[in-house]
Structure formats: C-alpha cells, structure tokens
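Written below as structure tokens is the structure these notes are about.
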Amino acid sequence: MLILKTPRLIIRNWRDDDRDLFHEINSDPVVMEYFPHRRDRAESDALFDFNRSRITERGFGFYALALAETDEPIGFCGLALVTVSGIFADDAIEIGWRLAHRHWGKGYVTEAGRALLRYGFETRGLDEIVSFAVTQNRRSTAVMERIGLKRQPERDFDSPRIPDDMPHLKRHAVYALTAEEWRAAPLA
C-alpha cells in the first residue's frame, strides 16, 4: 500500500523483504541510543507484523521509508496513535521516525516528515499532530523543529514505559502542531 511519494522517497506499508532493515534499525545501538533496549530478531519481527497490520487496518502507523529510485527501505516515518497512556488524549496522533544510521544526514526524515504533516492535516483531517523524544535527543528534536512542530514544554512528561533504573531516558520533550497552525504556515 503506497501512502505517499516525495521527490526522493516512497512512503508505503511494509513488505516481507523489509524485515532485515527493520531489525537492523531496531537493534543498532547508535540508532537506539535513546531507547531502553534493542530488539532481538523475534521482537523486531513481532513489532514489524504489528506495524504492518495497523497500517493495513487503520491507514495509520510507522510506514516504511524507501528510496524512490530503488525502493530500498532505509527506515520508517509515520503517523500513529500515541501509545503512551495517560499522557495524551486517547485519539492523539504522533509523527515519529527511525532511520538506518548510514542514511542519516541526508534530509530524508525532514522530507518525509513534512509530507506526512501535509497528509495528516490535508488528507486525513487531523486537528493536531504531536511528537516527543528524550530531552537530550537533539537529533530528533531538531527534526521536529525543521518540520515546523512547536516546542510545548508545559506538556513534557516522564515516560511510564522507561524503567526507573534509566532516569536519563525518562524525561521527554513534547512538540506539536495544530491544523490551524499548519494552514497559517505550511512548510511542505
């Protein structure tokens, strides 16, 4: 299922031949620096299946991100229901991404993120899109700023999914953009 195309990227549902890349990004210690654990192959495959079925059923999820010229998967970028209970509204939608380290620094996530914001607001009729990351994760928060999300420090939170023995990963910075703000100054 094709979601979007940009000049350099294809945003689509996952295929079985994407499993190796999905495992790579979920087990790489550099990519997963701000997450509490790396996923082994079985855990990665289970998350892969969950993401693919969510996209098929609901149209939302962390979509495969592939190069337009070759359709080679390089990571993911998507719109998904927030899964942090008690922090956001039950129907809140987040934008998130993860990219294989060898593809960092080429603007792919910024390009995909801007296209997905447009898709979320203009095609899916969303009222707000949020994003969040460990406060020290400057790579992710810089992308949030580049795609036009606004910092909302009053909404920062300590993630209940992070173990207490990892206090450096608990605090999360929140960024958001409303449809009204998007219409006033779209970046894509």
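Considering only heavy atoms from C-beta on, Ile87 stays 4.5 Å or farther from Val174 through its side chain. You'll find the side chain of Pro73 stays beyond 4.5 Å of the side chain of Phe22, heavy atoms only. The shortest side-chain heavy-atom distance between Ile93 and Val130 does not fall under the 4.5 Å cut-off. Taking the side chain as every heavy atom from C-beta outward, His23 and Asp20 never approach each other to under 4.5 Å. Residues Ile129 and Trp182 are not in side-chain contact: their nearest non-hydrogen atoms beyond the backbone lie 4.5 Å or more apart.
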Could you pull out all donor-acceptor pairs under 3.5 Å where a side-chain atom in residues 56-69 meets a protein atom, sequence neighbours excluded?
unit_1, atom_1, unit_2, atom_2, d
Thr56, OG1, Asn13, ND2, 3.1
Thr56, OG1, Arg52, O, 3.0
Tyr63, OH, Gly59, O, 2.6

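In this structure, Trp14 contributes its side chain and Arg19 its backbone to no donor-acceptor pair below 3.5 Å. Between the Arg151 side chain and the Met144 main chain, no donor and acceptor come within less than 3.5 Å of each other. Between the side chain of Thr6 and the backbone N or O of Ala112 there is no donor-acceptor pair closer than 3.5 Å. Judged by distance alone, the side chain of Asp18 and the main-chain N or O of Arg15 form a donor-acceptor pair under 3.5 Å. No donor-acceptor distance shorter than 3.5 angstrom exists from the side chain of Glu111 to the backbone of Tyr108, with no hydrogens or angles considered. Remark: the backbone N or O of Phe50 is paired with a side-chain donor or acceptor of Ser53 at under 3.5 angstrom.
The OG1 atom of Thr110 sits 7.5 Å away from the CD1 atom of Ile147 when rounded to the nearest 0.5 Å. We find the CD1-CG distance between Ile10 and Asp71 to be 4.0 Å, quoted to the nearest 0.5 Å. Interatomic distance, Ser27 OG to Asp40 CG, rounded to the nearest 0.5 Å: 9.0 Å. Rounding to the nearest 0.5 Å gives a distance of 11.0 Å between CZ of Arg54 and CG of Leu47. Taken from CG in Leu99 to CD1 in Ile25, the straight-line distance is 7.5 Å, to the nearest 0.5 Å. Going from atom CD of Glu128 over to atom CG of Leu177 covers 8.5 Å, rounded to the nearest 0.5 Å.
One finds no salt bridge joining Asp165 and Lys170 here, because no Lys/Arg side-chain nitrogen approaches an Asp/Glu carboxylate oxygen to under 4.0 Å. A salt bridge is absent between Arg98 and Glu24: the closest approach of a Lys/Arg side-chain nitrogen to an acidic carboxylate oxygen does not fall below 4.0 angstrom. In this structure, Lys150 does not pair ionically with Glu181, as no charged nitrogen and carboxylate oxygen lie closer than 4.0 Å.
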Candidate pair Arg41 and Ser44, rule side chain to side chain donor-acceptor pair (under 3.5 Å), full reasoning: CA-CA 5 Å; Arg41 187 59 188 241; Ser44 182; 5.6 Å; no

Under the criterion side chain to side chain contact (heavy atoms under 4.5 Å, CB included), I'd like the reasoning laid out for Phe121 against Arg183: C-alpha separation, chi angles, the key distance, then a yes or no. CA-CA 9 Å; Phe121 291 127; Arg183 284 189 294 275; over 6 Å; no

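For Asp90, the CG atom sits in a loose shell: 12 or fewer heavy atoms of surrounding residues, nucleotides or ligands are nearer than 6.0 Å. Atom CG of Asp16 has more than 12 heavy atoms from other residues, nucleotides or ligands within 6.0 Å.
Residues that satisfy the side chain to side chain contact (heavy atoms under 4.5 Å, CB included) test with Glu33, not counting sequence neighbours, are Arg139.
The hydrophobic cluster containing Val134, built from Ile/Leu/Val/Met/Phe/Trp/Tyr side-chain heavy atoms closer than 4.5 Å, also comprises Tyr34, Ile162, Met166, Leu169.
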